[in-house]
There are 2 protein chains.
Amino acid sequence: MAAGRLFCTEGYGSTSTYAIARAAGISQATMYHYFAGKHEILLALLLETVRPSVEYAEQLAASPEPPTDRLRKLVAYDARLLASGEENLGSLYLLPELGDERFAPFHAERQRLFETYRELVAACQGSSLEDAHPAASLVLGLVESLILRRRNEPHMLEDDIATRIADAALRIVQA
Amino acid sequence: MAAGRLFCTEGYGSTSTYAIARAAGISQATMYHYFAGKHEILLALLLETVRPSVEYAEQLAASPEPPTDRLRKLVAYDARLLASGEENLGSLYLLPELGDERFAPFHAERQRLFETYRELVAACQGSSLEDAHPAASLVLGLVESLILRRRNEPHMLEDDIATRIADAALRIVQA
DNA sequence: GTCTATAGATAGATAGAC
DNA sequence: GTCTATCTATCTATAGAC
(Lines give C-alpha, C1' and ligand atoms only; values in the text may rest on other atoms or scores of the structure.)
Protein backbone atom coordinates (compact mmCIF):
# COMPACT_ATOMS: atom_id res chain seq x y z
CA MET A 1 0.00 0.00 0.00
CA ALA A 2 2.94 2.31 0.61
CA ALA A 3 4.03 1.69 -2.96
CA GLY A 4 0.49 2.21 -4.23
CA ARG A 5 0.25 5.59 -2.58
CA LEU A 6 3.60 6.69 -4.02
CA PHE A 7 2.98 5.32 -7.52
CA CYS A 8 -0.36 7.18 -7.66
CA THR A 9 0.92 10.51 -6.37
CA GLU A 10 4.53 10.66 -7.57
CA GLY A 11 4.54 8.26 -10.50
CA TYR A 12 6.19 4.89 -11.05
CA GLY A 13 9.53 5.98 -12.48
CA SER A 14 9.69 8.86 -10.01
CA THR A 15 9.30 6.56 -7.00
CA SER A 16 12.48 4.91 -5.75
CA THR A 17 12.58 1.55 -4.03
CA TYR A 18 14.16 3.39 -1.13
CA ALA A 19 11.13 5.70 -0.86
CA ILE A 20 8.77 2.71 -0.91
CA ALA A 21 10.74 0.89 1.78
CA ARG A 22 10.92 3.97 3.99
CA ALA A 23 7.15 4.52 3.69
CA ALA A 24 6.59 0.86 4.54
CA GLY A 25 8.92 1.02 7.54
CA ILE A 26 11.43 -1.54 6.32
CA SER A 27 14.88 -1.31 4.80
CA GLN A 28 15.31 -1.00 1.07
CA ALA A 29 16.99 -4.39 0.88
CA THR A 30 14.20 -6.20 2.76
CA MET A 31 11.82 -5.33 -0.07
CA TYR A 32 13.66 -7.79 -2.28
CA HIS A 33 12.75 -10.63 0.03
CA TYR A 34 9.10 -10.21 -1.08
CA PHE A 35 9.38 -8.82 -4.59
CA ALA A 36 11.96 -9.47 -7.29
CA GLY A 37 11.80 -5.79 -8.25
CA LYS A 38 9.74 -2.64 -8.34
CA HIS A 39 7.73 -3.89 -11.33
CA GLU A 40 6.43 -6.85 -9.31
CA ILE A 41 5.01 -4.51 -6.71
CA LEU A 42 3.14 -2.54 -9.35
CA LEU A 43 1.88 -5.69 -11.04
CA ALA A 44 0.56 -7.03 -7.73
CA LEU A 45 -1.23 -3.72 -7.08
CA LEU A 46 -2.74 -3.67 -10.57
CA LEU A 47 -4.06 -7.22 -10.37
CA GLU A 48 -5.47 -6.71 -6.87
CA THR A 49 -7.25 -3.59 -8.09
CA VAL A 50 -8.77 -4.93 -11.30
CA ARG A 51 -9.71 -8.44 -10.22
CA PRO A 52 -12.78 -7.60 -8.11
CA SER A 53 -14.25 -5.80 -11.12
CA VAL A 54 -13.56 -8.69 -13.47
CA GLU A 55 -15.09 -11.19 -11.05
CA TYR A 56 -18.19 -9.11 -10.47
CA ALA A 57 -18.60 -8.48 -14.20
CA GLU A 58 -18.34 -12.13 -15.18
CA GLN A 59 -20.70 -13.18 -12.44
CA LEU A 60 -23.16 -10.52 -13.66
CA ALA A 61 -22.82 -11.67 -17.26
CA ALA A 62 -24.32 -15.01 -16.25
CA SER A 63 -27.26 -13.47 -14.40
CA PRO A 64 -30.83 -13.75 -15.79
CA GLU A 65 -31.64 -10.09 -15.13
CA PRO A 66 -32.47 -7.72 -18.00
CA PRO A 67 -29.29 -6.41 -19.65
CA THR A 68 -29.96 -2.77 -18.79
CA ASP A 69 -30.23 -3.68 -15.11
CA ARG A 70 -26.99 -5.63 -15.30
CA LEU A 71 -25.14 -2.84 -17.08
CA ARG A 72 -26.37 -0.34 -14.52
CA LYS A 73 -25.18 -2.55 -11.70
CA LEU A 74 -21.77 -3.11 -13.25
CA VAL A 75 -21.16 0.57 -13.92
CA ALA A 76 -22.28 1.55 -10.43
CA TYR A 77 -20.15 -1.18 -8.87
CA ASP A 78 -16.99 -0.16 -10.73
CA ALA A 79 -17.61 3.52 -10.05
CA ARG A 80 -18.01 2.83 -6.35
CA LEU A 81 -14.78 0.82 -6.33
CA LEU A 82 -12.89 3.64 -8.03
CA ALA A 83 -14.35 6.22 -5.67
CA SER A 84 -13.57 4.22 -2.54
CA GLY A 85 -10.44 3.22 -0.69
CA GLU A 86 -7.99 5.52 1.00
CA GLU A 87 -5.82 5.77 -2.09
CA ASN A 88 -6.95 6.52 -5.64
CA LEU A 89 -5.54 3.21 -6.83
CA GLY A 90 -7.42 3.45 -10.12
CA SER A 91 -4.83 6.00 -11.18
CA LEU A 92 -2.37 3.13 -11.48
CA TYR A 93 -4.22 2.45 -14.77
CA LEU A 94 -3.01 5.81 -16.05
CA LEU A 95 0.71 5.15 -15.70
CA PRO A 96 2.52 5.27 -19.04
CA GLU A 97 4.92 2.62 -17.78
CA LEU A 98 2.10 0.07 -18.13
CA GLY A 99 3.15 -0.29 -21.75
CA ASP A 100 6.01 -2.49 -20.55
CA GLU A 101 5.39 -6.12 -21.38
CA ARG A 102 5.87 -7.09 -17.76
CA PHE A 103 2.39 -5.74 -17.10
CA ALA A 104 0.70 -7.82 -19.79
CA PRO A 105 -1.16 -9.92 -17.17
CA PHE A 106 -2.94 -6.78 -16.04
CA HIS A 107 -3.90 -5.80 -19.57
CA ALA A 108 -5.33 -9.28 -20.09
CA GLU A 109 -7.56 -8.86 -17.03
CA ARG A 110 -8.69 -5.43 -18.11
CA GLN A 111 -9.47 -6.81 -21.56
CA ARG A 112 -11.73 -9.40 -19.95
CA LEU A 113 -13.52 -6.61 -18.12
CA PHE A 114 -13.99 -4.67 -21.34
CA GLU A 115 -15.36 -7.73 -23.11
CA THR A 116 -18.07 -8.06 -20.47
CA TYR A 117 -18.96 -4.41 -20.87
CA ARG A 118 -19.19 -4.96 -24.60
CA GLU A 119 -21.45 -7.99 -24.23
CA LEU A 120 -23.78 -6.10 -21.91
CA VAL A 121 -23.90 -3.07 -24.20
CA ALA A 122 -24.60 -5.33 -27.20
CA ALA A 123 -27.42 -6.97 -25.27
CA CYS A 124 -28.86 -3.59 -24.30
CA GLN A 125 -28.71 -2.31 -27.86
CA GLY A 126 -29.67 -5.57 -29.54
CA SER A 127 -26.58 -5.19 -31.70
CA SER A 128 -23.54 -7.25 -32.62
CA LEU A 129 -20.41 -7.21 -30.48
CA GLU A 130 -18.62 -5.21 -33.18
CA ASP A 131 -21.31 -2.55 -33.29
CA ALA A 132 -21.33 -2.34 -29.51
CA HIS A 133 -17.64 -1.53 -29.34
CA PRO A 134 -17.84 2.29 -29.59
CA ALA A 135 -20.59 2.64 -27.01
CA ALA A 136 -18.84 0.20 -24.68
CA SER A 137 -15.69 2.29 -24.92
CA LEU A 138 -17.64 5.41 -24.06
CA VAL A 139 -19.22 3.70 -21.06
CA LEU A 140 -15.97 2.33 -19.66
CA GLY A 141 -14.35 5.70 -20.36
CA LEU A 142 -17.08 7.43 -18.41
CA VAL A 143 -16.51 5.09 -15.48
CA GLU A 144 -12.76 5.54 -15.53
CA SER A 145 -13.03 9.31 -15.88
CA LEU A 146 -13.74 9.12 -12.17
CA ILE A 147 -10.04 8.38 -11.65
CA LEU A 148 -8.89 11.72 -13.03
CA ARG A 149 -11.72 13.57 -11.35
CA ARG A 150 -10.81 12.08 -7.99
CA ARG A 151 -7.20 13.13 -8.54
CA ASN A 152 -8.06 16.66 -9.61
CA GLU A 153 -10.82 17.45 -7.15
CA PRO A 154 -10.80 14.83 -4.40
CA HIS A 155 -13.07 16.81 -2.08
CA MET A 156 -15.78 17.63 -4.61
CA LEU A 157 -17.18 14.17 -5.32
CA GLU A 158 -20.95 13.88 -4.92
CA ASP A 159 -22.25 11.15 -2.63
CA ASP A 160 -24.34 9.73 -5.44
CA ILE A 161 -21.58 9.89 -8.03
CA ALA A 162 -21.76 6.17 -8.88
CA THR A 163 -25.49 6.49 -9.57
CA ARG A 164 -24.93 9.59 -11.68
CA ILE A 165 -22.35 7.78 -13.78
CA ALA A 166 -24.64 4.78 -14.19
CA ASP A 167 -27.46 7.08 -15.31
CA ALA A 168 -25.20 8.77 -17.83
CA ALA A 169 -23.92 5.42 -19.09
CA LEU A 170 -27.42 4.12 -19.73
CA ARG A 171 -28.36 7.32 -21.52
CA ILE A 172 -25.36 6.85 -23.81
CA VAL A 173 -26.22 3.23 -24.54
CA GLN A 174 -29.92 3.85 -25.11
CA ALA A 175 -29.23 5.88 -28.24
CA MET B 1 8.42 16.53 -29.56
CA ALA B 2 11.00 13.88 -28.78
CA ALA B 3 10.35 14.49 -25.09
CA GLY B 4 6.60 14.42 -25.66
CA ARG B 5 6.76 11.05 -27.31
CA LEU B 6 8.88 9.62 -24.51
CA PHE B 7 6.85 11.14 -21.66
CA CYS B 8 3.66 9.70 -23.17
CA THR B 9 4.98 6.21 -23.80
CA GLU B 10 7.58 5.68 -21.06
CA GLY B 11 6.50 8.14 -18.40
CA TYR B 12 8.06 11.30 -17.04
CA GLY B 13 10.19 9.88 -14.24
CA SER B 14 11.17 6.93 -16.41
CA THR B 15 12.49 9.16 -19.19
CA SER B 16 16.05 10.39 -18.75
CA THR B 17 17.34 13.66 -20.13
CA TYR B 18 19.87 11.56 -21.99
CA ALA B 19 17.09 9.61 -23.74
CA ILE B 20 15.34 12.85 -24.73
CA ALA B 21 18.53 14.33 -26.13
CA ARG B 22 19.37 11.18 -28.05
CA ALA B 23 15.87 11.08 -29.58
CA ALA B 24 16.22 14.75 -30.52
CA GLY B 25 19.64 14.22 -32.05
CA ILE B 26 21.56 16.52 -29.72
CA SER B 27 23.84 15.93 -26.78
CA GLN B 28 22.41 15.70 -23.31
CA ALA B 29 24.20 18.87 -22.25
CA THR B 30 22.87 20.94 -25.16
CA MET B 31 19.37 20.45 -23.81
CA TYR B 32 20.23 22.73 -20.93
CA HIS B 33 20.85 25.59 -23.31
CA TYR B 34 17.09 25.65 -24.05
CA PHE B 35 15.52 24.32 -20.86
CA ALA B 36 16.59 24.73 -17.24
CA GLY B 37 15.55 21.14 -16.58
CA LYS B 38 13.31 18.26 -17.54
CA HIS B 39 10.33 19.86 -15.82
CA GLU B 40 10.48 22.89 -18.11
CA ILE B 41 10.18 20.65 -21.14
CA LEU B 42 7.08 18.99 -19.74
CA LEU B 43 5.56 22.32 -18.76
CA ALA B 44 6.11 23.70 -22.26
CA LEU B 45 4.46 20.61 -23.76
CA LEU B 46 1.50 20.85 -21.40
CA LEU B 47 0.86 24.52 -22.10
CA GLU B 48 1.20 24.08 -25.86
CA THR B 49 -1.28 21.23 -25.70
CA VAL B 50 -3.97 22.82 -23.55
CA ARG B 51 -3.87 26.41 -24.82
CA PRO B 52 -5.66 25.87 -28.16
CA SER B 53 -8.58 24.34 -26.25
CA VAL B 54 -8.73 27.20 -23.77
CA GLU B 55 -8.64 29.79 -26.53
CA TYR B 56 -11.33 28.07 -28.57
CA ALA B 57 -13.50 27.61 -25.50
CA GLU B 58 -13.33 31.22 -24.39
CA GLN B 59 -13.99 32.47 -27.89
CA LEU B 60 -17.00 30.15 -28.04
CA ALA B 61 -18.26 31.35 -24.67
CA ALA B 62 -18.71 34.82 -26.17
CA SER B 63 -20.60 33.57 -29.22
CA PRO B 64 -24.33 34.31 -29.65
CA GLU B 65 -25.16 30.75 -30.72
CA PRO B 66 -27.53 28.59 -28.66
CA PRO B 67 -25.66 26.96 -25.73
CA THR B 68 -26.28 23.40 -26.92
CA ASP B 69 -24.68 24.21 -30.26
CA ARG B 70 -21.70 25.78 -28.54
CA LEU B 71 -21.25 22.85 -26.17
CA ARG B 72 -21.43 20.44 -29.07
CA LYS B 73 -18.79 22.41 -30.95
CA LEU B 74 -16.47 22.62 -27.97
CA VAL B 75 -16.70 18.91 -27.19
CA ALA B 76 -16.14 17.96 -30.83
CA TYR B 77 -13.21 20.38 -31.13
CA ASP B 78 -11.46 19.05 -28.04
CA ALA B 79 -12.11 15.45 -29.02
CA ARG B 80 -10.64 16.07 -32.47
CA LEU B 81 -7.57 17.68 -30.91
CA LEU B 82 -7.07 14.71 -28.60
CA ALA B 83 -7.53 12.26 -31.45
CA SER B 84 -5.15 14.05 -33.80
CA GLY B 85 -1.42 14.62 -33.92
CA GLU B 86 1.24 11.99 -34.34
CA GLU B 87 1.66 11.57 -30.61
CA ASN B 88 -1.06 11.08 -28.02
CA LEU B 89 0.00 14.24 -26.21
CA GLY B 90 -3.21 14.30 -24.20
CA SER B 91 -1.76 11.52 -22.11
CA LEU B 92 0.59 14.07 -20.61
CA TYR B 93 -2.48 15.07 -18.56
CA LEU B 94 -2.42 11.62 -16.95
CA LEU B 95 1.08 11.83 -15.50
CA PRO B 96 1.07 11.60 -11.70
CA GLU B 97 4.09 13.92 -11.62
CA LEU B 98 1.75 16.79 -12.56
CA GLY B 99 1.02 17.13 -8.86
CA ASP B 100 4.34 18.94 -8.52
CA GLU B 101 3.84 22.65 -7.97
CA ARG B 102 6.08 23.45 -10.91
CA PHE B 103 3.17 22.49 -13.16
CA ALA B 104 0.69 24.85 -11.52
CA PRO B 105 0.54 27.08 -14.66
CA PHE B 106 -0.86 24.12 -16.56
CA HIS B 107 -3.48 23.38 -13.93
CA ALA B 108 -4.56 27.01 -14.04
CA GLU B 109 -5.13 26.77 -17.79
CA ARG B 110 -7.03 23.54 -17.48
CA GLN B 111 -9.17 25.07 -14.76
CA ARG B 112 -10.08 27.88 -17.16
CA LEU B 113 -11.13 25.26 -19.68
CA PHE B 114 -13.27 23.49 -17.12
CA GLU B 115 -14.94 26.76 -16.12
CA THR B 116 -16.03 27.31 -19.70
CA TYR B 117 -17.43 23.79 -19.87
CA ARG B 118 -19.31 24.49 -16.67
CA GLU B 119 -20.76 27.76 -17.98
CA LEU B 120 -21.94 26.07 -21.16
CA VAL B 121 -23.47 23.15 -19.29
CA ALA B 122 -25.22 25.56 -16.91
CA ALA B 123 -26.61 27.48 -19.89
CA CYS B 124 -27.80 24.25 -21.51
CA GLN B 125 -29.49 23.06 -18.34
CA GLY B 126 -30.74 26.46 -17.23
CA SER B 127 -29.10 25.77 -13.88
CA SER B 128 -26.62 27.49 -11.58
CA LEU B 129 -22.88 27.03 -12.01
CA GLU B 130 -22.81 24.92 -8.84
CA ASP B 131 -25.55 22.61 -10.07
CA ALA B 132 -23.80 22.28 -13.43
CA HIS B 133 -20.58 21.03 -11.86
CA PRO B 134 -21.33 17.27 -11.84
CA ALA B 135 -22.57 17.18 -15.43
CA ALA B 136 -19.67 19.32 -16.60
CA SER B 137 -17.25 16.88 -14.95
CA LEU B 138 -18.93 13.99 -16.72
CA VAL B 139 -18.70 15.78 -20.06
CA LEU B 140 -15.04 16.72 -19.73
CA GLY B 141 -14.36 13.21 -18.45
CA LEU B 142 -16.03 11.76 -21.52
CA VAL B 143 -13.88 13.93 -23.77
CA GLU B 144 -10.68 13.03 -21.96
CA SER B 145 -11.53 9.34 -21.90
CA LEU B 146 -10.37 9.49 -25.50
CA ILE B 147 -6.81 9.79 -24.20
CA LEU B 148 -6.85 6.37 -22.56
CA ARG B 149 -8.77 4.82 -25.41
CA ARG B 150 -6.21 6.08 -27.90
CA ARG B 151 -3.44 4.63 -25.77
CA ASN B 152 -5.09 1.25 -25.33
CA GLU B 153 -6.46 0.73 -28.82
CA PRO B 154 -4.83 3.25 -31.16
CA HIS B 155 -5.97 1.48 -34.33
CA MET B 156 -9.62 1.06 -33.40
CA LEU B 157 -10.79 4.68 -33.32
CA GLU B 158 -13.85 5.40 -35.44
CA ASP B 159 -13.59 8.21 -37.97
CA ASP B 160 -16.56 9.96 -36.41
CA ILE B 161 -15.39 9.54 -32.85
CA ALA B 162 -15.51 13.27 -32.08
CA THR B 163 -19.14 13.41 -33.23
CA ARG B 164 -19.99 10.33 -31.20
CA ILE B 165 -18.51 11.88 -28.07
CA ALA B 166 -20.36 15.14 -28.70
CA ASP B 167 -23.62 13.22 -29.10
CA ALA B 168 -23.01 11.35 -25.86
CA ALA B 169 -22.11 14.58 -24.06
CA LEU B 170 -25.31 16.30 -25.10
CA ARG B 171 -27.33 13.28 -24.06
CA ILE B 172 -25.75 13.46 -20.62
CA VAL B 173 -26.42 17.17 -20.27
CA GLN B 174 -29.99 17.00 -21.51
CA ALA B 175 -31.08 14.96 -18.51
C1' DG C 1 25.16 27.13 -29.88
C1' DT C 2 27.10 22.55 -29.49
C1' DC C 3 30.14 19.61 -27.78
C1' DT C 4 33.13 16.33 -24.38
C1' DA C 5 34.14 15.48 -19.86
C1' DT C 6 32.84 14.94 -15.46
C1' DA C 7 31.12 16.04 -10.95
C1' DG C 8 27.97 14.63 -7.39
C1' DA C 9 23.92 12.34 -6.19
C1' DT C 10 20.93 8.59 -6.45
C1' DA C 11 19.16 4.52 -8.63
C1' DG C 12 18.19 -0.80 -8.47
C1' DA C 13 19.95 -4.84 -6.91
C1' DT C 14 23.10 -8.18 -4.39
C1' DA C 15 26.19 -10.17 -0.58
C1' DG C 16 26.47 -11.78 3.61
C1' DA C 17 26.11 -11.22 8.83
C1' DC C 18 22.85 -12.16 12.38
C1' DG D 1 13.26 -12.46 7.77
C1' DT D 2 15.72 -8.19 8.47
C1' DC D 3 19.52 -5.69 8.48
C1' DT D 4 24.09 -2.90 7.00
C1' DA D 5 27.22 -2.36 3.56
C1' DT D 6 28.23 -1.95 -0.98
C1' DC D 7 28.51 -2.71 -6.07
C1' DT D 8 27.64 -0.96 -10.48
C1' DA D 9 24.98 1.74 -13.35
C1' DT D 10 22.65 5.72 -14.35
C1' DC D 11 20.87 10.11 -13.41
C1' DT D 12 20.74 15.46 -13.52
C1' DA D 13 23.38 19.24 -13.96
C1' DT D 14 27.61 22.00 -14.56
C1' DA D 15 32.29 23.40 -16.42
C1' DG D 16 34.71 24.81 -19.96
C1' DA D 17 36.76 24.16 -24.80
C1' DC D 18 35.66 25.39 -29.46
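Owing to the predicted nature of the structure, the values given are computational and were not obtained by experimental measurement. Residue numbers start from 1 in every chain, and the chains themselves are labelled A, B, ... in the order their sequence lines are given, proteins ahead of strands. The analysis underlying the following values was restricted to heavy atoms, covering all of them including side chains, and did not include hydrogens, waters or symmetry mates.
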Can you figure out which of [options] approaches the side chain of [X] most closely?
X	options	value
B:Y34	D:dA13, D:dC3, C:dT2	C:dT2
A:Q28	D:dT12, C:dT14, D:dG1	C:dT14
B:S27	C:dT2, C:dC3, D:dT12	C:dC3
B:I26	C:dT2, C:dC3, C:dT14	C:dC3
A:S16	D:dT2, C:dC3, C:dA11	C:dA11
A:A29	C:dT2, D:dA5, C:dG12	D:dA5

Grab the [atom1]-[atom2] distance between [X] and [N] for me, whole Å please.
X	N	atom1	atom2	value
A:Y18	C:dA11	OH	P	9 Å
B:M31	C:dT2	CE	C1'	14 Å
B:I41	D:dT12	CD1	C1'	12 Å
B:L42	D:dT12	CG	P	13 Å
B:E10	D:dC11	CD	P	12 Å
B:H33	D:dT14	NE2	C1'	15 Å
B:R22	C:dC3	CZ	C1'	17 Å

Under 4.0 Å between any heavy atoms, over every strand shown, what does B:F35 touch: base, sugar-phosphate, or nothing? Just pick one. nothing
What contact category does A:S14 fall into here, base, sugar-phosphate, or nothing, at under 4.0 angstrom with non-hydrogen atoms?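 Nothing: the residue A:S14, judged by heavy atoms under 4.0 Å, touches no strand.
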Could you walk me through whether A:E65 and A:R72 pass the salt bridge (Lys or Arg N to Asp or Glu O under 4.0 Å) check? CA-CA 11 Å; A:E65 289 177 87; A:R72 173 181 289 283; over 6 Å; no
Do A:R118 side-chain atoms and A:A132 backbone N/O form a donor-acceptor pair below 3.5 Å?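 A pair under 3.5 Å: no.
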Distance-only, no hydrogens or angles: does the B:K38 side chain make a donor-acceptor pair with backbone N or O of B:A3 under 3.5 Å? no
Any [X] side-chain N or O less than 4.0 Å from OP1/OP2 of [N]:
X	N	answer
A:Y32	C:dA13	yes
B:T17	D:dT12	yes
A:T30	D:dG1	no

Taking everything shown except A:Y18 itself, do over 12 heavy atoms lie less than 6.0 Å from its OH?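 No - once you tally the heavy atoms of other residues, nucleotides and ligands closer than 6.0 Å, there are 12 at most.
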Polar contact flag, side-chain donor to acceptor under 3.5 angstrom, A:Q59-A:E55: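 Per modelled atom types, A:Q59 and A:E55 side chains form no pair under 3.5 Å.
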